[in-house]
Every structure is written in structure tokens, then in C-alpha cells.
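Accompanying notes for the structure given below.
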Amino acid sequence: MSTTPAKDDPQPIYLINFEAYLRPKQPHKITPLQCFGRPQKPKSKCNKFHQTLQRIKLLRYWRTQHARFAKSLRQLPLPSFLSFLRARHDDGLCKSKTGFEIYCEMSSIHGFHVFVGACTWQRVLWWLIICTAVLLSLLVLIMSYTLSAETPTVRYIESMLQPMSEQSRNFPALSICSMNRISKSQLKAKEWSLPPQVLPWLTKHNWNPNPNDRTLLSDNISWSQLLESLAPRICESQVLACLWQGLPHSCDQLFTTSWSYSEGRCCTFNETPIHTAGNPAKGLTLRLSSQLEDYASSRHSAAGFQLLLHDVHSGIHAATERVLLPRATEAHIMLKSFSTHATPYVSGLEPAKRNCYLNQERQLFYYPIYSQANCVAECESEQMLETCGCVHPHMPRRSQWPLCQLEQLKCLREHVYSWDQLQSSCNCLPSCQFKRFEIQIDLTALNDSYPIILANGNISFFKNFNGSDEVLLHIYFDSFSEERLRLDVYENLLTFIGTFGGITGLFMGCSFVSVFELIFFVCVRPTCNWLTRQQIRYRRRRQQRAIKAN
């Protein structure tokens, strides 16, 4: 008896128990499990339009033309150097794959897999896309290199609140210069008779000695002796009292007399060699006497002092940061520190490219440490020596250089060198690593009723206080932190690798593995294949020799 079921037998129904969470949320859309075909959709307008196009043979005509166009693209002629883009016509036999086809199948670069098993026109299209991606990658890389060459260095803000170290808390050089240029008491000490044009200030400006008048020329005195004799004694007589970090201190130990080509005699403070315990935020407090009765000549309409802020190993020049302190005022000078340091990558660039000099990279003949201001000062002194045969007594000079006398003052006054002239002849670039300070000042009026007792009970500091003629000066740091900047190269080796990888990965999807693949299929694999062929040939020759020997 046959066990084959009849065609009209009903299909078996298998019951499936669904869990509660597997039950459909819309039971009315359930189709029978035994219905495996697609459910018939209702005829829409698009279906009717499609049937209409088939009746009028438009759709059939479009398919025919499309097939002809595709066939013509497949038969597209290519030059000989693009023969690898022609599609292979397989005749049903197993053909060995070329090295290029193997590389395309295994390459991780996007688009190369299309060259295997695709039509000719598809290969040509993808080849154009890959060439375009390579050209765009090269263009962006060249633009990045050009930008790096134009701006080889860049400054970054490393920290806005860098804690100040003990060395960073050292005060800069603070030079106090009087607005008075000629002391009346010194002028009358020898009963000198000077012409009126001498009084503005005995420097290179505004003085032509008159031989008919009884001047200092008849006393056979040098220019340096004249400046030394007439300048007011600031450190000796005008700095009355000093408080360092809230404690009384001897002013002779804090201040030293210094000379400047532009400002004359000054009194300079430098805290570097002084080690005093205390709070550095308290800073320095000074009583300065303007001595209005001793004024014989001044460049300013007011009486008082100038506070000049500069580096410890730099001199004072015309562009030095300064603050005017009129008499009968109390001034609070708050210092904010900024430091710039260079990374080791900067030393690999030439000074002309990075546009700055590192420490000890350029030596100066007068100043121990290089700075742009010191370089310009020495350059101006050398230019003055070449022009006039001498230098100003307070200019940087070598020991064998002659000093100018009063007869040569006219030459110094006529030859004034601009910044462009000095920069072109001496090439004074800025320093790569430096420290600078910014000044914030608050001024208030001062009179004799000012309280003369400090918080710590020190009364001797305000002994014989004269508020109408004195300047009370407070200098301190505004915080215990500084802004730290970093001078770095625009692009080093690591950043170049990142830039190169990002650009090539964006346009072509390349990576380090892609480079290794290319090296492997270009160098390693052909070498291994050659060695294998040589080994096979050697075995064959050995077998033939063995057969002949037998």
C-alpha cells in the first residue's frame, strides 16, 4: 500500500505556543504560518501606469537602449598603460590571478576591490575616483606644509594660573629716576655759569656750547664728569626709607646707583641676591622725597619720579615700560608675571625660521644675557662709534672704545638711528625664552594728615613725614600665580604623522596597515615568489642529474 499522501489531503497544521512577550500587538495583521508567499498587494496607480507602459512598448524600448549602452561601455577602448583596467573575459577555465588582483582583493584601501570582477567602465570610474582622492590628499598635504613653513612656531597658553616658584617670585629690576635732571645744589656748588640752553638736560638733545660764555669747557672737565657732577643723588638723598616684605630694611642694601643713556642717574632695585623670609605679597614699600626746591631742569611739567620696569640684565632704553609718580601721591604698583619657555623642538629650527634666539645662542660683548633691547643698545653704540669715532659715556661699549667729549656732542645729536636701520644692520631678533611683567597702578592724593602708623606698629618708617613733597610707593605681586606660555613648533614629527594619517584616511581610507600591505605586495611577495621559483628550478635540475646518473 502506498504511503504517499494524496494531493487533496489537507496540509497539516502545526500549533505554536507563543510566550506572552512574543505575542503580536496587532493580531488583525497576522498571516497564516503556512502561507509562505508574499501577500498580494492591492493594485495602485503606479502598477496600472507600469502595465500601460509595457503595453505601449516604452519600457521595453528603454531596457533595450540601456543594454546597448552598457555593452558599448564594456567595449570602451583604453590605452596600453591602462590595460589593467580591462575586465577579464573568463572562458570557464580557472585562470591564475595576477598580483594586482590579489592585492585588490586583500587591500584595506577603499575602492580597490572593484577592480576584481567588475566591468571595464566600472573599473575606469573607480580609477578616476581614486586618482581624484590621491590628488586631493596631495593638495591638502602641500597646503599644510606651506602653512607650517610660513609659521614654523606658535605660542600656546600652557597655564593661566601657574603657581609661581621661588625663582619666579623674584622682582624685576625697578629703576627710580627723578624727573629733575640737574640738581640746583650741585649747580651752585662751584658757582658755574651755564648758558640757558644747557639746563634742559646735558645729553645729546638741545645743547650747543657758546664759546663766549663762561661754560664748563673752560674748566677742562669731561662729559662723564659733568653728568656725574650735576645729576641729583637719588639713592643717597631722595630714597628716605624702605620696607621689604613688611619689615624695615636698609635702603643701601636694596638699591644701587645706575646710569642710563636716556634717563641719566637712577636708583635700581633688584631683589635677586636678597633672601629675606616673609610674605612676598607684601613686596616693597618706599618713601621718596621729590625735593622740589632742588629742581633746576626737568623734561616734565610735574615734579616727582619715574618708575621703570626692565629685566635684571638689561639696560634702560626709550621703550622701557614706565610709570610717572607725581609728588604728594601714594602709588600701589601691582605686578603680573608672564613667562615664555621654548620646547626642545624649537632648537631644531634655524633662528631665521623661528625668528628668535635661544639662551646663549648669540653672545653680546657688553651684556651677560641676550635680549632684544640689549642687542639694539649695543648695535646703536657700534653705529655711533663708526660715525662719530666715540660713544656716549653711558652707552654699552668695549674697554678700548673712546668716550665722547663735549666738543663731539653735536655729532651725537645729529645722528639718530631708527629702529629699521638698527634691525637691518644688526639683526636683533627677540628672545625665545623670556619673562615679562605688566604693571597696574592706583594713585591717590597724599598730604600731611596721612596716618603714620603701620599695621605692625612701625613708627620709624614715617619719621619726619612730609606728605606734600613725598611719594609713598608700594610694589607687590597681585597674585601667587603667573601666566605661562609655551613656544613650540607648528608641526613636529608626531603632529605630521597625525596630519598625514588624518588626510589620507579621510580621502582614501589609508592606514599603517595599508602601507604595510603595499610594501608586502610590491617588495616582499615578489621576492618570495622569485625565491620559490629558484628553489623549484634547483630541485628539477637535481632530479635531472640524478636520472642521467642512473
Side-chain angles (χ1 to χ4, degrees), residues 174-210 213-242 251-252 254-269 286-308 315-316 320 322-329 392-395 403-406 409 412-413 464-473:
L174 303 171
S175 296
I176 301 173
C177 305
S178 177
M179 295 183 186
N180 181 28
R181 298 306 178 90
I182 297 178
S183 174
K184 187 179 294 186
S185 60
Q186 297 295 328
L187 190 62
K188 294 181 179 179
K190 294 185 179 182
E191 297 182 354
W192 288 335
S193 176
L194 298 176
Q197 56 268 30
V198 176
L199 296 181
W201 177 232
L202 298 178
T203 61
K204 61 180 181 180
H205 301 291
N206 302 326
W207 186 43
N208 291 318
N210 188 358
D213 295 334
R214 182 178 176 270
T215 64
L216 296 174
L217 297 177
S218 60
D219 296 333
N220 194 20
I221 187 172
S222 64
W223 190 359
S224 58
Q225 293 174 346
L226 174 63
L227 298 178
E228 177 73 24
S229 301
L230 296 182
R233 271 59 174 170
I234 301 176
C235 291
E236 294 82 354
S237 61
Q238 294 185 277
V239 180
L240 302 180
C242 303
C251 296
D252 296 337
L254 294 176
F255 290 90
T256 56
T257 301
S258 60
W259 284 89
S260 169
Y261 169 62
S262 59
E263 304 300 331
R265 187 200 295 267
C266 298
C267 196
T268 302
F269 164 79
L286 303 176
R287 276 181 59 197
L288 305 175
S289 176
S290 60
Q291 297 180 357
L292 182 61
E293 67 280 357
D294 195 47
Y295 272 58
S297 176
S298 175
R299 284 185 177 180
H300 304 275
S301 59
F305 298 90
Q306 288 188 96
L307 178 65
L308 296 98
I316 300 172
T320 302
R322 64 191 67 199
V323 175
L324 296 180
L325 305 174
R327 69 186 185 99
T329 57
H392 191 277
H394 300 142
M395 278 185 169
L403 297 178
C404 293
Q405 301 302 321
L406 293 174
L409 181 62
L412 297 181
R413 183 183 60 186
N464 299 325
F465 182 76
N466 182 10
S468 60
D469 187 65
E470 294 184 9
V471 175
L472 189 59
L473 180 59

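Excluded from the calculations below are hydrogen atoms, water molecules and symmetry mates; all remaining heavy atoms, backbone and side chain alike, are included.
Here the closest heavy-atom approach between residue Phe305 and residue Val471 is recorded as CD1-CG2, 4.1 Å. Annotation for Leu472 and Arg287: closest pair CD1-CG, 3.9 Å, computed over non-hydrogen atoms. What you find for Leu240 and Ser237 is that their closest heavy atoms are CD2-O, 3.6 Å.
For the side chain to side chain contact (heavy atoms under 4.5 Å, CB included) with Leu174, the qualifying choice from Leu307, Leu286, Thr268, Leu473 is Leu307, the only one to do so.
Between the side chain of Gln238 and the backbone N or O of Ser289 there is at least one donor-acceptor pair closer than 3.5 Å.
Residues satisfying the side chain to side chain contact (heavy atoms under 4.5 Å, CB included) test with Ser183, not counting sequence neighbours, are Ser185, Gln186, Pro232, Asp294. Among residues two or more places apart in sequence or in another chain, the side chain to side chain contact (heavy atoms under 4.5 Å, CB included) test is passed with Leu308 by Ser175, Cys177, Glu263, Gln306, Ile316, Thr320, Arg322. Remark: Ala303 engages Leu292, Tyr295, Arg327 in a side chain to side chain contact (heavy atoms under 4.5 Å, CB included) (not counting sequence neighbours). Checked against side chain to side chain contact (heavy atoms under 4.5 Å, CB included), Cys235 has the following partners two or more places apart in sequence or in another chain: Phe255, Thr257, Cys267.
Between Leu325 and Val323, some side-chain heavy-atom pair lies under the 4.5 Å cut-off. No side-chain heavy atom of Ser290 sits under 4.5 Å from any side-chain heavy atom of Leu288.
Considering CD1 of Ile234 and CD of Gln291, their distance stands at 10.0 Å, rounded to 0.5 Å. The CG atom of Asn180 sits 10.0 Å away from the CD atom of Glu293 when rounded to the nearest 0.5 Å. To the nearest 0.5 Å, atom CE of residue Met395 and atom CH2 of residue Trp259 are 15.0 Å apart.
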